[in-house]
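Taking it in order: structure first as structure tokens, then the write-up.
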Amino acid sequence: MFGRIKSEKSTSEKKASNIQDYDDKFQTAIEEQKDIPTEVRPIFDFYAYKLVCPEITNSHDVINTVISDILTDIGKHSPKYLSYITELKSSIDISRFPSLEFITNNFSDKYPNLKDKLAAVMYTQNEANKTQEFLDNAPKDVSNLTYSEYYSKIIECYQLLINLSYDDSIEEYTRIAKLAKQSREQLHQIIEQGKSHQKIDKQFHKEYGDTLEKLLKHVSKKRTNRLDLTICDLMVFDVLTTCESLKKLGVSYSKDPTRTKKKRKQNGYIANFYSLDMPNGLTSEIQLQSLYRYEYGEYGPAAHHKMENGLKKRTLFKRPKNKSKYADWAEKQFKALPRYFTYRGNGYVEVHSTLQNFRKYYDCKDKSEVQTYVEFIAQHDVDLLDSHLIQFSLDDTSPLNKSTKANNSAEER
Amino acid sequence: MSLDSNTFRERNKQHPIRKNALENFSKVTNFSVSKDVRRYMYQVMATIGLELERKFPNTVHFDDNRF
């Protein structure tokens, strides 16, 4: 899990954009004699966290913990049901999924979404299991396959990759479907040439032999992408809504549907968003992604800097030829740079150095650019070159001092 | 006499509702980058992480150096 603080440049751009949106709505409201909007949309992601889910191997444990927590919560609010709830808790069988009937009968009133969430877990788990079965039976040695078997396996892989995509990610599965179509055509040609029952020859193996291997690896990577997100969604929701330490810190989970939402983009960008309200009017968002989707959105087809309009390209400002202007150049980079921090486990948070932030955010191909930047930071504040660790514990719950004034004039770097 | 769109916009900028909306927006977006607030944000993240580790000990591991 890591977090980032929005850069100065991005914050001011977002402020300007939100004011522009407001002015447009204002103008339309006046022209159409409708109610004038009274609020400019605030910026919710000034502080944002990203949680990348691990591959979940023990979904039953997770579900039982979540259900047990929900039962405790019901018990707190309805003490008269305590004995009934204790009985229910003991009836949860860790070795198997609770049935949807059990969920409907016991939780539908207070937790109407739970049934849907668990149904999604069951569906995605089934999908992951089927994929695993396919992978277990996949050929270990491609050279023993016939042409027909080889292409059939490739087509099956593409079909699985489509099944493991989200319905909304049209660009993603259209791209895979095109590749599947090509493979079907190739298979057709092989059949026409009468080679379908022949074993693949050495030349073919040399040229195309690793295609199936690569596809199998891809299927294996994508196998749990939907299951992981659905399970982690249960876990994060459980922690955000029941954690006492968070409450003591003054953090509350926002139920505003415009802020707590699921993003399913056509390009395959998939994430769940949760929003936290904090003291002093601060808000923060948590973005949850499976590891597969994180990599897909960071380095793959859904990467931000690959957006068509190019506005969000993470390119460096052009370094001036005149060395005396380097400081201005580096200052500009600095203002456009988010600050990252990462949770390393056991209460440790690593605050990244400016140089690490620079490397993480920009695609620096030219080493001399990095060197120039390092020199600038060193002149500015040598501490920025080093990352550092801070440890917290669950008992350390002093809320944000309300006298801490919100202040946008960066008092320190 | 009809006013063009730009003139309308200029006039609207002085509208009390707009002025109020912008004032409130300025308050909630006047974010702090102070050390205290930053530390608090780290603490919130650590609390979520610790709680996830406590509740789901066999599931959550935050030792991935990719991030």
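As the structure is a prediction and not an experimental result, all values here were calculated from the model. Each chain gets a letter, A, B and so on, in the order its sequence line appears, and its residues count up from 1.
- In this structure, CZ on B:Phe25 lies 5.0 Å from CD1 on A:Ile19, to the nearest 0.5 angstrom.
- The number of heavy-atom neighbours closer than 6.0 Å to OH of A:Tyr348, taken from other residues, nucleotides and ligands shown, is 12 or below.
- Looking at B:Asn20, there are no atoms closer than 4.5 Å to chain A (heavy atoms on both sides), in backbone or side chain.
- Rounded to the nearest 0.5 Å, atoms OG1 (B:Thr59) and CG (A:Asn58) are 3.5 Å apart.
- A 4.5 Å side-chain heavy-atom check between B:Val44 and A:Phe392 finds every atom pair outside the cut-off.
- Here B:Lys55 contributes atom NZ and A:Asp238 contributes atom CG; the two are 4.0 Å apart, rounded to the nearest 0.5 Å.
- Counting heavy atoms from C-beta on, the side chains of B:Arg38 and A:Val351 never come closer than 4.5 Å.
- Side-chain contact between B:Leu50 and A:Tyr343 is present, with heavy atoms from C-beta onward closer than 4.5 Å.
- Annotation: side-chain contact (heavy atoms from CB on, under 4.5 Å) contacts of A:Ser254 (sequence neighbours excluded): A:Asp256, A:Arg259, A:Ser275, A:Asp277.
- Contact of B:Arg39 with chain A is made through backbone and side chain together, with heavy-atom distances under 4.5 Å.
- A 4.5 Å side-chain heavy-atom check between B:Asn24 and A:Val40 finds every atom pair outside the cut-off.
- Considering only residues two or more places apart in sequence or on other chains, A:Phe341 meets the ring pair (Phe, Tyr, Trp, His ring centres under 6.0 Å) condition with B:Tyr42.
- Of the listed residues A:Ser245, A:Cys232, A:Gly347, the one with more heavy-atom pairs under 4.5 angstrom with chain B than any other is A:Gly347.
- Annotation: maximal heavy-atom pairing with chain B below 4.5 Å, among A:Val236, A:Leu246, A:Leu240, occurs at A:Leu246.
- Atom NZ of residue A:Lys247 and atom OG1 of residue B:Thr47 lie 13.5 Å apart, to the nearest 0.5 angstrom.
- To the nearest 0.5 Å, the span separating CZ on B:Arg18 from NZ on A:Lys25 amounts to 14.0 Å.
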Steps toward side-chain contact (heavy atoms from CB on, under 4.5 Å) verdict (A:Val251, B:Ile48): CA-CA 11 Å; A:Val251 176; B:Ile48 295 169; over 6 Å; no
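- Residues A:Ile390 and B:Gln43 have side chains not in contact (no heavy-atom distance under 4.5 Å, counting atoms from C-beta outward).
- Both the backbone and the side chain of A:Thr38 come within contact range of chain B, with heavy atoms under 4.5 Å apart.
- The two residues A:Met278 and B:Tyr40 come nearest to each other via the heavy atoms SD-CE2, 3.6 Å.
- The shortest non-hydrogen separation linking B:Met45 to A:Tyr49 is CB-CE2, 3.6 Å.
- When B:Met41, B:His15, B:Glu51, B:Glu53 are compared by the number of non-hydrogen pairs under 4.5 Å with chain A, B:Met41 comes out ahead.
- Summarising the geometry of B:Ile17 relative to A:Pro37, their closest heavy-atom pair is CG2-O, 3.7 Å, with the distance given to 0.1 Å.
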